[in-house]
Structures are given as structure tokens and as C-alpha cells.
Amino acid sequence: MKLAAHELHDLNELTMSCVNSITNMAYMLQHVQDPELKAILERHFPHISGIII
């Protein structure tokens, strides 16, 4: 299947957004001090990284 240039650009933006989300959540998990926020991140991180990877 051939993709048009604008479709490749959109796909690249989507991919980079997913990578940035995983990277930011992983960083936050290591540095967050609020126990409630950490619990939320710990619950959501496996789902987000599992969907994207």
C-alpha cells in the first residue's frame, strides 16, 4: 500500500506522540512524590505501553 506524503506526515506525528507519552510517563514514575498520582501512573503505564508497543 502506498501512502501519500500527508498521510506519512500524520503517521509520523502520531508515532512521535505515542513515544513522547511513554517517555514522559516513565520519567514521571521515577520522580513523582505524590502517592495518589504515582498510583494512577502505575495503573495506566502498562496499558499505554502495551497498546503502543
Side-chain angles (χ1 to χ4, degrees):
M1 167 187 1
K2 288 188 176 185
L3 298 174
H6 71 279
E7 293 171 323
L8 288 173
H9 179 73
D10 290 346
L11 186 57
N12 182 58
E13 283 187 10
L14 176 63
T15 303
M16 292 307 299
S17 175
C18 293
V19 170
N20 287 335
S21 294
I22 292 173
T23 303
N24 287 334
M25 286 184 81
Y27 177 82
M28 293 285 287
L29 272 171
Q30 296 175 8
H31 294 90
V32 70
Q33 295 180 355
D34 180 52
E36 187 176 354
L37 177 56
K38 187 166 186 128
I40 293 169
L41 289 170
E42 287 172 341
R43 272 196 322 267
H44 285 85
F45 185 73
H47 300 291
I48 297 298
S49 60
I51 290 171
I52 297 170
I53 295 176

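Residue numbers start at 1 and run along the sequence shown. All figures in this text were calculated on a predicted structure; none of them were measured in a lab.
Take His31 and apply the ring-ring contact (aromatic ring centres under 6.0 Å, His included) test, not counting sequence neighbours, and it matches Tyr27. Residues meeting the side chain to side chain contact (heavy atoms under 4.5 Å, CB included) test with Met28, sequence neighbours left out: Leu37, Leu41.
Residues in residues 1-26 take part in no ring pair (Phe, Tyr, Trp, His ring centres under 6.0 Å) pair, two or more places apart or across chains.
Under a 4.5 Å side-chain heavy-atom criterion applied to ILVMFWY residues, the cluster that includes Met16 comprises that residue alone. With side-chain heavy atoms closer than 4.5 Å counting as contact, directly or through intermediates, Ile40 stands alone and belongs to no larger hydrophobic cluster. Cluster partners of Met1 are Leu3, Leu8, Leu11, counting Ile, Leu, Val, Met, Phe, Trp and Tyr whose side-chain heavy atoms approach within less than 4.5 Å, directly or via other members.
Shown here for Ile22 and Phe45, the closest heavy-atom pair between the two residues is O-CE1, 3.6 Å. Closest non-hydrogen pair, Ile48 versus Met25, comes out as CG1-SD, 4.1 Å.
Residue-environment remark: CD (Glu36) stays at or below the threshold of 12 foreign heavy atoms within 6.0 Å.
Here the straight-line distance linking atom CG of Leu29 with atom CG of Asn24 works out to 11.0 Å at 0.5 Å rounding.
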